[in-house]
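Reminder, nothing fancy here: chain letters follow the sequence lines and each chain counts from 1.
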There are 2 protein chains.
Amino acid sequence: MIRFVLDTSIFVNPDVRKKFGDTPTEAMRKFLEYAERLFGKVEFYVSPGIYKEIMHFVDESEVSPDIELYIIRKPPNVHDMKIPAFVVYELIEDIRRRIDKGLRVAETAVREGILEADVNKIINKLRRNYRRALREGLIDSKEDFELILLAKELDAIIVSADVGILTWAEKMGIKWVDAAKFKEILEELIEKYGR
Amino acid sequence: MIRFVLDTSIFVNPDVRKKFGDTPTEAMRKFLEYAERLFGKVEFYVSPGIYKEIMHFVDESEVSPDIELYIIRKPPNVHDMKIPAFVVYELIEDIRRRIDKGLRVAETAVREGILEADVNKIINKLRRNYRRALREGLIDSKEDFELILLAKELDAIIVSADVGILTWAEKMGIKWVDAAKFKEILEELIEKYGR
């Protein structure tokens, strides 16, 4: 049985989603058509946190109740699982560098603020640069981490377009596919498995 | 055999160090006297990163070469060890909260900067508040993490006054003693073991 663990990006990230539909709801309807045809052959999992994130964008009344059957919700077994120490070691080093960089970003904003009349312009720039320094490419939410643990536990394939998630997948020895190619993969699977 | 893993604080943090000596070098000489008397009964370990930090403050020419014998340098076996997933989960949640707080600290500094003529005053306050938000109580260096792993590997007792380290010790089920009470503990051990 092939198992996928899905990230939000398939339904939410516009660049990735557009292959499935113009809105998150349309993308979900399209995805469920594929999932139905692959039922019994391929399983699709999401962690509860990611499911909640996805359904924040999807109009539940507009999708089939079969979503409950085709998208399996499962939390990872966080209390029995273990992470290689060197992965945590690298995480701590990465965070330390980001924290230092974040302070430099903040100091620059303060100095620029003195010369710039429009404070909102400075604040917006600060937010952009701070986000880039502290969060871009970092596993920075428990939802992302749950997704990784769930894939590890199930020996499943992560479907994501998130750099932070894919970096961890590599470190943890987890299979993954680029969310941008997921539709083609599903079509190929349908061809293989018939129906 | 009782094993301790030492943090820098014993020799560097003035509040902790003062029981051993007025300077890091004096504190180290005093400590080595205790270590010598406990040789064969108690082992004192440091990870290489922590050793380097300590020796940055200690004048090596002023301490006995026996330091090599009494303070055992050992890196943790970072490639074989594992960390419970829930500890990493909590770390990621903690970091996320700190990152959000750091941005608020930075935004406040920018807004205050407009009203305050002395930019250095604002920058200094920013650094203080940012440090408190992002780093205080967090395991934020690989040296700290190595110390924890080493204690876990050796089933040793951590000697530290660092909140971040002691928090992890508790989560990881590692024994620890407060560095502020370390001198009394050593004296008690000397009483027990004679000499």
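- The part of A:Asn120 that comes within reach of chain B is its side chain, from C-beta onward, which places non-hydrogen atoms under 4.5 angstrom from that chain.
- Ionic pairing of B:Lys192 and B:Glu188 is present here: one or more N-O contacts between side-chain nitrogen and carboxylate oxygen are shorter than 4.0 angstrom.
- For B:Phe86, the parts lying under 4.5 angstrom from a heavy atom of chain A are both the backbone and the side chain.
- Proximity to chain A (any heavy atom under 4.5 Å) is restricted, for B:Ile95, to the side chain, taken from C-beta onward.
- For chain A, the nearby part of B:Leu149 is the side chain; its heavy atoms alone come within less than 4.5 Å.
- Of the two parts of B:Ile122, only the side chain, counted from C-beta on, holds a non-hydrogen atom closer than 4.5 Å to a non-hydrogen atom of chain A.
- Atom-to-atom distance recorded for B:Phe44:CZ and B:Ile67:CD1 is 12.5 Å, nearest 0.5 angstrom.
- Proximity to chain A is absent for every atom of B:Asp94, based on heavy atoms less than 4.5 angstrom apart.
- The two residues B:Arg127 and A:Glu107 have their closest heavy-atom pair at NE-OE2, 2.6 Å.
- The pair A:Glu26-A:Arg17 does not count as a salt bridge, with every side-chain nitrogen at least 4.0 angstrom from each carboxylate oxygen.
- Options B:Val88, B:Asp80, B:Leu91 differ in how many heavy-atom pairs under 4.5 Å they form with chain A, and the most are formed by B:Val88.
- When B:Leu138, B:Val119, B:Ile123, B:Ile139 are compared by the number of non-hydrogen pairs under 4.5 Å with chain A, B:Ile123 comes out ahead.
- Using cut-offs of 30° and 60° for the angle between ring planes, the B:Phe145 and A:Tyr89 rings count as tilted.
- Note on A:Met81, A:Lys82, A:Arg96: by heavy-atom pairs under 4.5 Å with chain B, the leading option is A:Arg96.
- For B:Glu146, the part sitting under 4.5 Å from any heavy atom of chain A is the side chain, from C-beta outward, and nothing else.
- Distance check: A:Arg3 CZ to A:Lys175 NZ gives 9.5 Å after rounding to the nearest 0.5 Å.
- Only the side chain of B:Glu93 comes within less than 4.5 Å of a heavy atom of chain A; its backbone N, CA, C and O stay farther away.
- Heavy atoms of B:Arg131 lying under 4.5 Å from chain A are absent altogether.
- Between B:Phe39 and B:Tyr70, the gap from one ring centroid to the other is short of 6.0 Å.
- B:Leu134 touches chain A through backbone and side chain together, each having a heavy atom under 4.5 Å away.
- There is no path of hydrophobic side-chain contacts, each under 4.5 Å, that joins A:Val163 to A:Val12.
- Note on A:Ser141, A:Gly113, A:Pro76: by heavy-atom pairs under 4.5 Å with chain B, the leading option is A:Ser141.
- Ring planes of A:Phe182 and A:Phe4: perpendicular class, angle over 60° (limits at 30 and 60°).
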